[in-house]
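Encoded as structure tokens, the structure appears first; notes follow it.
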Amino acid sequence: MYLGVDIGSSSSKAVLINRAGMVCGEGIVNIGTGSKGPQISVEQALRQAGIQRCDVRKCVVTGYGRLMYEGADRQITEISCHAKGVKFLWPTASTIIDIGGQDAKVIRVSINGIVENFVMNEKCAAGTGRFLEVMARVLDCRIEDLSGLAARGNPGVVISNTCTVFAESEVISQLAAGMSIEDVALGAHKSIAQRIAGLCNRIGIADAVVMTGGVALNHNVVTAIEKEIHHPIIRLEDPQAMGALGAAIFAREMEAGNS
Amino acid sequence: MEHQKTSKQLLGELLDKHYADALHAKAEGKPVAWSTSIAPQELLETMGIHAVYPENHAAAIGARKHAQEFINHSEGKGYSVDICSYARVNLAYMDIQQCEAANIPLPDLIFCCNNICNTVIKWYENIAKELNVPMILFDPPFNHEYEISDQNVKYIKAQILHAITRLEEITGQKFDYDRFREVMKISSETSRWWKKASLLACAKPSPLNGFELFNYMAIIVCMRGTKEGLELFKLWHDELQEKKEKGVGPWKDGEEKYRVMWDGIACWPYLGDTYKVLKKYGINMVTSTYPDSWYIVYDENDLDGMARAYSSNYVNRNLAFGTDNIIGIVKDFQLDGIIYHSNRSCKLMDFRQFEVQRKVEASTGVSSVIFDGDQTDPRAFSLAQFETRIQALVEMMEAKKRMGGAFYE
Ligand code: SF4
């Protein structure tokens with residue numbers, strides 16, 4: 001079996017695949033680098049696959065915490081791993097939008113799977129999962145509920161997308177001005193979508209567009225991005241695991257000697 | 001027998017001397033000028049006015065990791081965080097006048113040329129006003145057309161002549177045209193050798209570790225019009241030539257696997273860190289936009305040529321020129337990649353970066369990456385983010401090599 005581990009800033013993911021490329025085990029934990037998260041996610045994946053650590057032939061690690069992780073045969077950036085994972089599941093993908101906990105990136109991949117170019121957000125958390133966490137906190141709801149709230153909102157609330165701290169105080173004043181939580185949630189989603197659309201335009205969008213990362217689970221954000229970029233977005237079943245899946249595929253290629 | 005100095009030793013000595021001479025001149029009551037980095041220093045050299053270069057000085061403070069205290073000082077005085085960090089460091093230095101790098105004396109004259117950006121105008125005006133010293137401004141217009149127009153040349157030449165008159169008034173001395181001719185000759189010659197030396201990095205492997213450009217640059221800025229400067233670049237050239245002939249690469253302990261260009265200014269506070277990340281992956285930064293920026297060459301006694309040369313630096317040129325320039329570099333240096341420094345300080349350089357990147361990629365197929373940083377403000381850079389981007393660049397370059405490389409070859 002081949003193990004891919006993706007250690008992000010706020011979650012850890014592990015995927016095990018067999019020689020045929022079938023996913024046999026998966027683990028996702030909502031704590032990231034510097035915690036026990038990576039270890040727990042690997043244990044979950046091993047348990048699900050019903051194997052021991054020593055049965056793993058090769059392991060590749062990726063993500064923000066990759067340089068600190070011991071026990072991998074190789075570390076590869078999340079940019080290449082996301083591209084690898086997505087291309088495996090969706091071979092016609094040309095543009096990948098990945099929104100993780102602390103960064104957002106747009107990757108352009110060629111027909112044969114090569115990363116041609118990518119752009120990432122600048123230092124501010126605007127346009128990332130952290131932005132949504134902050135929004136959920138000021139709206140006093142769970143992050144999973146944001147999508148449902150926004151779905152019931154009316155458009156019109158504008159939230160800044162250049163700075164998360166600005167956005168936070170804007171939300172507070174919008175609420176104080178009597179705007180509904182639903183409308184503000186929708187405004188926050190539009191804000192993130194515009195930010196991502198900016199990254200997409202910088203790099204040039206080509207179909208098929210696929211979205212990965214935890215934020216892709218929020219359907220309302222995905223729809224808001226579709227509206228901004230005027231392209232349909234493919235929703236994967238398991239968007240959070242793409243980096244780990246790509247890493248596992250790299251691990252398998254390593255053994256085949258063609259990475 | 002005296003042991004011959006290496007260019008590196010000489011570089012250190014010349015820099016020490018550059019700063020010591022300025023302090024000495026000031027102590028003797030001679031005028032000292034503060035000048036922008038690509039200004040017609042020939043006039044000052046001819047008049048025997050010692051010039052120091054705030055951009056260079058701020059970079060030196062940055063490289064010693066002391067920029068933050070100066071930046072805090074300026075921001076405390078009300079200068080915005082959005083202003084170029086060289087300006088923030090220098091405006092604070094004007095008050096503090098004490099730093100870990102070499103100290104510079106306060107100016108008696110401001111010498112400002114806006115061929116690099118418009119920020120310098122207000123920055124230098126502030127100095128002139130606060131210290132109540134005269135300012136000479138050169139205003140080479142931005143070249144919206146591909147070539148430098150004859151009107152622009154005329155306009156800049158008139159400014160040079162006017163500056164000569166002003167210098168005569170300020171110093172009460174006559175301008176010595178014979179000496180001027182000599183300085184013009186040396187300055188062009190130094191520029192030629194600077195470029196000639198840096199072009200040796202076209203060899204594969206490159207005998208030059210491009211981070212050295214960031215060090216040697218200090219002399220092409222500060223001592224371009226001097227014989228010592230000229231000698232330094234000849235010596236540097238010969239050393240590199242010898243390495244090239246022997247097929248020696250950039251490092252003693254490592255092989256040049258990838259050749260990249262660095263677009264923009266260095267991240268001075270993280271010079272060593274950025275260098276180490278590149279070296280770890282076998283990336284040699286073989287060149288940057290610096291070699292061309294100080295290729296200020298014209299014929300002796302040719303004032304039109306001099307005016308044209310001071311308008312020709314690439315940041316003062318239009319998008320098409322900037323793009324062609326980089327495409328040429330990609331080919332000449334057989335690059336595998338380009339690292340674009342999106343520099344929070346330098347709006348002018350960043351302004352067209354994405355478009356240049358797009359065009360260069362479309363034309364050459366070369367891989368590239370943009371990272372966020374700042375030349376001297378240490379807060380605007382993250383080493384982990386930098387490394388991820390560089391590693392991704394390596395993965396892209398590697399994949400492209402397997403597919404047969406970029407298509408310009
Ligand atoms: S770094 Fe940019 S903004 Fe600052 S002085 Fe230089 S050219 Fe001007």
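Nothing here was measured: the structure is a model prediction, and the numbers come from that model. Just so we're on the same page: letters track the sequence lines, and every chain starts at 1.
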*Will you find, in the side chains of R66(A) and Q391(B), an N or O donor that is under 3.5 Å from an N or O acceptor?*
yes
*Under 6.0 Å from the NZ atom of K279(B), do we count more than 12 heavy atoms belonging to anything else shown?*
yes
_Between V394(B) and chain A, with a heavy-atom cut-off of 4.5 Å, which part of the residue counts as in contact: side chain, backbone, both or neither?_
neither
*Is F351(B) atom CZ crowded by more than 12 heavy atoms from other residues, nucleotides or ligands, each under 6.0 Å away?*
no
_Just verifying a value: how many Å separate M403(B) CE and S110(A) OG, rounded to the nearest 0.5 Å?_
6.5 Å
*Taking all atoms of both residues into account, what is the closest heavy-atom pair of S368(B) and N117(A), and its distance?*
O-OD1, 3.9 Å
*Is the count of non-hydrogen atoms from other residues, nucleotides or ligands lying under 6.0 Å from K276(B) atom NZ greater than 12?*
no
_Given heavy-atom pairs under 4.5 angstrom as the criterion, report whether the side chain, backbone, both or neither of I76(A) touches chain B._
both
_Heavy-atom contact with chain A under 4.5 Å, split by part of E355(B)_ = neither
*asked:* I need the minimum non-hydrogen distance between T388(B) and E78(A), along with the two atoms involved.
replied: CG2-OE2, 3.8 Å
*Side chain, backbone, both or neither: which part of D103(A) has a heavy atom under 4.5 Å from chain B?*
neither
*How about M396(B) and F118(A): do any of their side-chain heavy atoms sit closer than 4.5 Å?*
yes
*What is the distance from atom SG of C81(A) to atom CD of E395(B), rounded to the nearest 0.5 Å?*
7.0 Å
*When rounded to the nearest 0.5 angstrom, what distance separates CZ in F354(B) from CD1 in I203(A)?*
10.0 Å
*Count the heavy atoms belonging to other residues, nucleotides or ligands that lie under 6.0 Å from NZ of K36(A), then report whether that count exceeds 12.*
no
_Residue part contacting chain A, namely of A384(B), when any heavy atom lies under 4.5 Å_ = side chain
_Within 6.0 Å of NZ in K77(B), more than 12 heavy atoms from elsewhere_ = yes
*asked:* Does Y64(A), at its OH atom, have more than 12 non-hydrogen atoms belonging to other residues, nucleotides or ligands within less than 6.0 Å?
replied: no
